[in-house]
S.K.: 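Provided herewith is a single structure, encoded as structure tokens, for subsequent inquiry.
Just follow the structure's listing: the first ligand is 1, and inside any ligand the first atom is 1. Basis for what follows: all heavy atoms, side chains included, without hydrogens, waters or symmetry-related copies.
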Amino acid sequence: MSPLSVVNPFRSVGGVGNPKGVEPTLMVLFGATGDLAKRKIIPSIANLAQNGLLPSAFALLCVGRTDQTDDAYRAELKSTLREFAHGVPVEVIDALLRNVFFVRCPPDDPNSVRVLAERMVGIDRDRGTRGNRLFYLSTPPSAFFPILELLGRVRTQPGANPDRASYRVILEKPFGRDLETAIDLNRRLLDVFREHEIYRIDHYLGKETVQNVLVLRFANSIFEPLWNHRYIDHVQISVAETLGVEGRGGYYEESGALRDMVQNHILQLLCLVAMEPPAALDPESIRDERRKVLRSIRPILRDDVDLFAVRGQYGPGSIGGKRVPGYREEPSVKPNSRTETYAAVRFDIDNWRWAGVPFYLRTGKRLPKKVSEVAIVFRDIPHRLFDAQGPTELDANVLSLRIQPDEGIALKFGTKVPGFDMRVRPVKMDFQYGAAFGVAPPEAYERLLLDAMLGDPTLFIRGDIAEDAWRLVMPIVDVWANSTPEGFPNYESGSFGPAAADEMLERDGYSWRRF
Ligand SMILES: NC(=O)c1ccc[n+]([C@@H]2O[C@H](COP(=O)([O-])OP(=O)(O)OC[C@H]3O[C@@H](n4cnc5c(N)ncnc54)[C@H](OP(=O)(O)O)[C@@H]3O)[C@@H](O)[C@H]2O)c1
């Protein structure tokens, strides 16, 4: 019996399998023994299987540098999935595991070209995956070039990339460590893949509430008329974490908050908030509009970096009543490290819609609360009518889009305090995703993996967008790399970040939102 004629083993209970119509796919995962693969990528595949979203012909070929049999790897993966894919029934996990394979292919071993190609062709034959490949590079970036070189050579092997079959690649972040390396990586990618075959991941874009920014703006008539410099005073985008570096000190020392969060996730959020309505919902129309935003952002001059950007590093302190060490005491961190764990930046968008509206972005580790939100702060009312009646607390209206946790949207507005006086106080109108829909949104990785299998790159970063985002942060990267930060560590764990970040907003007459 042909594998395609069997009942879809990944059909959801009582549902129709593969409603999105994903083509038969062989996913080839490099870095399959790593943390991200085990905690996020493979559990997301298990969730897709449970929800009946995989095609009946789906196989996962995990690639490593040390030898392991399929059975040994499956046994290890089974216990990993029990831990990280809770809620997925054992029958679904077993059905998935029957389609999981392991192959040893060090990218620099000349035999790997033949070994990988033969294994893929064999799986096509046994599992009916029809030559469609989705490679996923979940390795340290230093391995990207050798793996791309390998994939370029594999592509020319007999049966490895049949006519009309797809040959796609997903790349984990970080996409380069500066503009030059990002350009180089784009060039190497384009030696092997065409742009429409490349999926640069930014898992923030896979979050339901991030996608909802577009729905909020373009599926409602009340917001968009206000969405411009006439009504909006300024915008604050915050990604605050309570966690420190959690054993990833080595990675973080090479990265820092600006590279790790601002260059990618936060700038992409800014693009969604600030973009013009796309002509259509197709991937390129949306990505073109996102790119236009980046190209309208006023470049920060090197001499102005101190005015428009602030860096910080956490010292010891306490969070939730628990003492935590400072960044420099974390494992694999240099005792005199200059790496920033906090970054705040002001960007201005020089276009018709946003002239004069500053966008303040901040991110930090070891802040008092885990919150990601976009706050649209509206202009003050032109005349304070109620001041004459006594004390009023008339704050500006704020529309806050909460990305995590407690995903939702809240609008702050003034209301009358009950009683005989005309007293005004701000209150909040609150929409919470969980309460309204009663279902948990899918994991970002599930959405992104499914989109990549469907060939939809909307929520991925196009090459030119990655480069433009780097271009914007490069002056800050350069100035920070070539100057010694003052007073590091300059904020206590559990505080809201360095005083200089508060001062940056105070100079403009604002203050950061407290969550
Ligand atoms: N972990 C996270 O939370 C997280 C979050 C966002 C993004 N990322 C990104 O995801 C990627 C993987 O991160 P990770 O935390 O999973 O790393 P990890 O735990 O260190 O795992 C790295 C994996 O890459 C493989 N590898 C290492 N060097 C290689 C080389 N030269 N050639 C081929 N394979 C090699 C290792 O396989 P072997 O078994 O062969 O050694 C291992 O499976 C990185 O780019 C990281 O920046 C991770």
S.K.: What protein heavy atom sits nearest atom 45 (O) of ligand 1, and how far away is it?
M.R.: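 So the nearest neighbour among protein heavy atoms is T139 O, 2.8 Å.
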
S.K.: Among all the protein's non-hydrogen atoms, which is closest to atom 25 (C) of ligand 1, and how far away is it?
M.R.: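 In this structure, atom 25 (C) of ligand 1 has G31 CA, 3.9 Å as its nearest protein heavy atom.
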
S.K.: Treating S483 as the side-chain partner and V479 as the backbone partner, does any N or O pair qualify as donor plus acceptor under 3.5 Å?
M.R.: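 Here the side-chain-to-backbone pair exists.
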
S.K.: Looking at atom 20 (O) of ligand 1, would you say a protein heavy atom lies below 4.0 Å from it?
M.R.: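 Answer no: nothing from the protein, no heavy atom, is under 4.0 Å.
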
S.K.: Just to confirm my output: which protein heavy-atom neighbour is closest to atom 5 (C) of ligand 1, and how far is it?
M.R.: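 In this structure, atom 5 (C) of ligand 1 has L36 CD1, 3.8 Å as its nearest protein heavy atom.
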
S.K.: So for R248, does at least one of its heavy atoms come nearer than 4.0 angstrom to any atom of ligand 1?
M.R.: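 Per 4.0 Å heavy-atom rule, R248 contacts ligand 1.
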
S.K.: Going by the atom numbers of ligand 1, which of them fall below 4.0 Å from some non-hydrogen atom of P107?
M.R.: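 Those qualifying, in numeric order: 32 (N), 33 (C).
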
S.K.: Do F135 and Y167 make the cut of ring centroids closer than 6.0 angstrom?
M.R.: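 Between F135 and Y167, the centre distance is under 6.0 Å.
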
S.K.: Looking at G34, which atoms of ligand 1 are within less than 4.0 Å of one of its heavy atoms?
M.R.: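 By the 4.0 Å cutoff, the relevant atoms are 16 (O), 19 (O), 21 (O), 42 (C), 43 (O).
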
S.K.: Got a donor-acceptor contact below 3.5 angstrom from the N490 side chain to the R311 backbone?
M.R.: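 Side chain of N490 to backbone of R311: a pair is present.
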
S.K.: Could you tell me which atoms of ligand 1, counted from 1 in the order shown, lie closer than 4.0 angstrom to a heavy atom of P174?
M.R.: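 Answer for ligand 1: 47 (O).
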
S.K.: Tell me which one of R295, R290, R291 satisfies side-chain hydrogen bond (donor to acceptor under 3.5 Å, both in side chains) with D468.
M.R.: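 The option that passes is R291.
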
S.K.: Among all protein heavy atoms in this structure, tell me which lies nearest to atom 7 (C) of ligand 1, with the distance rounded to 0.1 Å.
M.R.: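 Here the closest protein heavy atom is E172 OE1, 3.2 Å.
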
S.K.: Check whether any side-chain heavy atom of F347 lies under 4.5 Å from a side-chain heavy atom of I300, and answer yes or no.
M.R.: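 Yes, close enough: below the 4.5 Å cut-off.
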
S.K.: Test your reading of the structure: does T66 have an N or O sitting under 3.5 Å from an N or O of ligand 1?
M.R.: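 Between T66 and ligand 1, no N or O pair is found under 3.5 Å apart.
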
S.K.: Looking only at protein heavy atoms, which one is nearest to atom 22 (C) of ligand 1, and what is the separation?
M.R.: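 Result for atom 22 (C) of ligand 1: P140 CD, 3.8 Å.
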
S.K.: Using distance alone, decide if ligand 1 has a nitrogen or oxygen within less than 3.5 Å of any nitrogen or oxygen in P141.
M.R.: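 No: no nitrogen or oxygen of P141 is under 3.5 Å from one in ligand 1.
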
S.K.: Does the salt bridge (Lys or Arg N to Asp or Glu O under 4.0 Å) test come out yes or no for K292 and D288, once each step is laid out?
M.R.: CA-CA 6 Å; K292 275 195 224 162; D288 285 348; over 6 Å; no

S.K.: Looking only at protein heavy atoms, which one is nearest to atom 12 (C) of ligand 1, and how far off is it?
M.R.: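 In this structure, atom 12 (C) of ligand 1 has S138 O, 3.3 Å as its nearest protein heavy atom.
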
S.K.: So, E197 side chain and R194 main chain: donor-acceptor pair closer than 3.5 Å or not?
M.R.: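 Checking the backbone N and O of R194 against the side chain of E197, a donor-acceptor pair under 3.5 Å is found.
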
S.K.: Provide, to 0.1 Å, the distance between atom 46 (C) of ligand 1 and the closest protein heavy atom, together with that atom's residue and name.
M.R.: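 Ranking protein heavy atoms by distance from atom 46 (C) of ligand 1, first comes K173 O, 3.6 Å.
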
S.K.: Can you list the ligand 1 atoms lying under 4.0 Å from a non-hydrogen atom of A143?
M.R.: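 Contacts of ligand 1 toward A143, numbered from 1: 29 (C), 30 (C), 31 (N), 32 (N).
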
S.K.: Please could you name the atoms of ligand 1 that T33 approaches to less than 4.0 Å, counting only its heavy atoms?
M.R.: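 Listed by number with element: 36 (C), 37 (O), 38 (P), 39 (O), 42 (C), 43 (O).
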
S.K.: Have a look at Y199 and tell me which of F175, F460, F193 forms a ring-ring contact (aromatic ring centres under 6.0 Å, His included) with it.
M.R.: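 Exactly one option meets the ring-ring contact (aromatic ring centres under 6.0 Å, His included) with Y199, and it is F460.
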
S.K.: What is the nearest protein non-hydrogen atom to atom 41 (O) of ligand 1, stated with its residue, atom name and distance?
M.R.: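 Result: R65 NH2, 2.7 Å.
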
S.K.: Does some side-chain heavy atom of I42 sit less than 4.5 Å from a side-chain heavy atom of L29?
M.R.: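 When only atoms from C-beta onward are counted, I42 and L29 do touch, with a gap below 4.5 Å.
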
S.K.: Quick check on ring-ring contact (aromatic ring centres under 6.0 Å, His included): which of F496, Y327, Y314, Y491 does Y342 satisfy it with?
M.R.: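 When ring-ring contact (aromatic ring centres under 6.0 Å, His included) is applied between Y342 and each of F496, Y327, Y314, Y491, only Y491 qualifies.
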
S.K.: Could you say whether the N/O atoms of R39 and ligand 1 ever approach to under 3.5 Å?
M.R.: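 Yes, there is a polar N/O contact under 3.5 Å.
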
S.K.: What atoms of ligand 1 come within less than 4.0 Å of a heavy atom belonging to Y251?
M.R.: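 It comes down to these atoms of ligand 1: 47 (O).
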
S.K.: Check whether NZ of the Lys or CZ of the Arg R74 lies under 6.0 Å from the centre of the six-membered ring of F101 and within 45 degrees of that ring's axis.
M.R.: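 Checked: cation-pi criterion met.
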
S.K.: State, to 0.1 Å, how close T129 and D124 come at their nearest heavy-atom pair, and which atoms those are.
M.R.: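 The answer is OG1-OD1, 2.6 Å.
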
